[in-house]
Amino acid sequence: MHALKVTRAEDFPEWYQAVVREADLAEQSPTRGCMIIKAWGMGLWERFVAEMDARIRATGHENYYFPLLIPLSFFAKEAEHVEGFAKEMAVVTHHRLKQIDNELKPDPDAELTEPLIIRPTSETIIGDAFSRWIKSYRDLPLKLNQWANVMRWEMRTRMFLRTAEFLWQEGHTAHVDEADAMEETMLALEIYRSVVEDVMAIPVILGEKSENERFPGAERTYSLEAMMQDGKALQAGTSHYLGTHFAEAQNIRYQDKDGAMQLAHTTSWGTSTRLIGGMIMVHGDDDGLRTPPAMAPKQIVIVPMLRGKPEDTELKEYCAALAAELNKKTALGGAVRASVDVKDAKPTDKRWDWVRRGAPIICEIGPRDAANGQVTFIQRTALREGEKVKSTSVARADFVVQAPALLEGIQQQLFDEARARLEANIRADLNTWDAIEAYYGAGDDESDVKGWARVAWSRPSGDDLERVTERLKALKLTIRNAPLQQPASFDQCVFSGKPGVEEILIARAY
RNA sequence: CGGGGUGUAGCUCAGCCUGGUAGAGCAUUAGCUUUGGGAGCUAAGGGUCGCGAGUUCGAAUCCCGCCGCCCCGACCA
């Protein structure tokens, strides 16, 4: 018997929805395509923010805040950028409501002279500020970051993975030249790798996006690609070298040491609440989420087995003291996060609530444990032994000493499991188009996992690239990225038979 | 935005074909029993059946329109 009614094997999308709901992560809101992020889900996001923000600051960036609303005219400046976002922008046109025919409607007399766009990303308004702030080479590099909500009017939304409104972090920087800006682009990618792999325990492959998958207005786009348990890829973060495109469009110029005017080279990079969805699909099991300890808002949850009897008081004290002792310990680079679940609910219900949320360690302390000075716990990543829930009892002092190593072990275990899955599901032997078609085209049974393929190609451009993506689309495949780590020599291009110049990852994707 | 599905109690769903003003299980509340582990018995509360218009003496049920959600597609840093 599992804690969720749907298993991954039965129906992966249904299972995903069940985890979001049952683990108390988020729920659908009355506003179309938007979600209410609940305490455990928000706690995960806050852990992400803490870890990401620390790394962004440590590398010389500072946080700013720009407006939610952007003048429409700002978007008209960078042609590709507008084209990329025009179809999904929410527009504010009025500043007042009025009762008309018994209905509240925008007041026709209160139309804005210039409509405002709810930001889908902030390149334009930040670029505008850059153009005023940057005058001299001494003003560069300018490295800033913003934590914000953005809105993109998506046709098809999915909790965390693609919502109309989402929370994210967007870094924006300006540099004297390409070399400096490229260094920054790769630095951002490394910051992302560190948080996604070391904190979220999600193994990723870093690489460059193909021409057709680039951010609108970017010169080069790099991504982190993660593999979900159904074999699909999820873009876990992107970093863009914008060249001088935005500098030209928005007049971001500086005077160099010789007094000559130069265009700044800019970058932008972002990660979002989408990663929470990725974490669910990488680490979840049929009992709910398995939260990596470094991400868990509560790493150790203590459930006292209260019986409504006099000894309850002593039991509560024992548990509170245990939590306090654990909180003095250090694990995964920070203080251990342990707390007692004092909610007035049945202990077994509380246990399963925490199992579904994926608390790494759940302690269940009864009067006998308190009397014997011991701790009985279950480990989320080793929940069952056969059909039964596996619990372990150890002396309290030993548990406190071992807890940090236990948490670190769970963190490592989750990462190793995910990495083994990633490596096992990348085919490197599909070196002809026929082989690709045979593999991905055959028996479209949704239940068998079809992972990624790593293939050589001749890096076509323009119409040739268009034809390649059409062929891939027929198999529901997309080009994910060209991994940074490339072999010394290449097979023939699987699409054209020409000499290969690069290897790319192709996969079905979210 | 196209195709398919779906919307009935907090949750999972039955009822709809063959109209007669609402059901089950779980959850909730109360009482009793139980107590090293997703307890048992008894009782109670809870729904303008997604929204709107229509046919009808009468609509959860039939007709029309709209909306949300889920899946596939298109689209998508």
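Just so it is clear: chains get the letters A, B, ... in the order the sequence lines come, proteins before strands, and each one is counted from 1. We use all heavy atoms of the structure for the numbers below, so side chains are in, but hydrogens, waters and symmetry mates are not. Quick caveat, the model's predicted, so the values are computed rather than measured.
- Separation of the P atoms belonging to B:A22 and B:C16 is 16 Å when rounded to the nearest angstrom.
- Using C1' as the reference atom, B:U55 and B:C64 are 11 Å apart when rounded to the nearest Å.
- At the heavy-atom level, A:Asp369 lies under 4.0 Å from base atoms of the strands shown.
- In the model, A:Asn149 has a side-chain atom that pairs as donor or acceptor with a side-chain atom of A:Arg119 under 3.5 Å.
- A:Thr157 comes within 4.0 angstrom of the backbone, heavy atoms only, and of no base.
- Each of A:Glu183, A:His265, A:Arg220 was scored for a side chain to side chain donor-acceptor pair (under 3.5 Å) with A:Tyr241, with one residue passing: A:His265.
- For B:G2, the paired base is B:C72 (Watson-Crick or G-U wobble, both distances below 3.5 Å).
- In this structure, the side chains of A:Leu234 and A:Arg274 come closer than 4.5 Å at one or more pairs of heavy atoms.
- The base of B:A77 sits within donor-acceptor range of the side chain of A:Arg152, with an N or O pair under 3.5 Å.
- Only A:Thr348, A:Arg351, A:Trp352, A:Arg356, listed by number, bring a heavy atom of residues 340-357 of chain A to less than 4.0 angstrom from any atom of RNA chain B.
- Nucleotides B:G38 and B:C26 have their C1' atoms positioned 12 Å apart, rounded to a whole Å.
- Comparing the same atom, C1', in B:A59 and in B:U48 gives a spacing of 13 Å after rounding to whole Å.
- Between B:C17 and B:U29, the two P atoms lie 38 Å apart (nearest whole Å).
- Nearest nucleotide to the side chain of A:Arg21, out of B:U12, B:C1, B:C70: B:U12.
- Atom C1' of B:C49 sits at a distance of 10 Å from the matching atom of B:A9, rounded to the whole Å.
- On the C1' atoms, B:A39 is 43 Å away from B:C51, given to the nearest whole Å.
- Using a 4.5 Å heavy-atom threshold, the side chains of A:Asp286 and A:Leu4 count as separate.
- The gap from the P atom of B:G15 to that of B:G23 amounts to 16 Å, rounded to the nearest Å.
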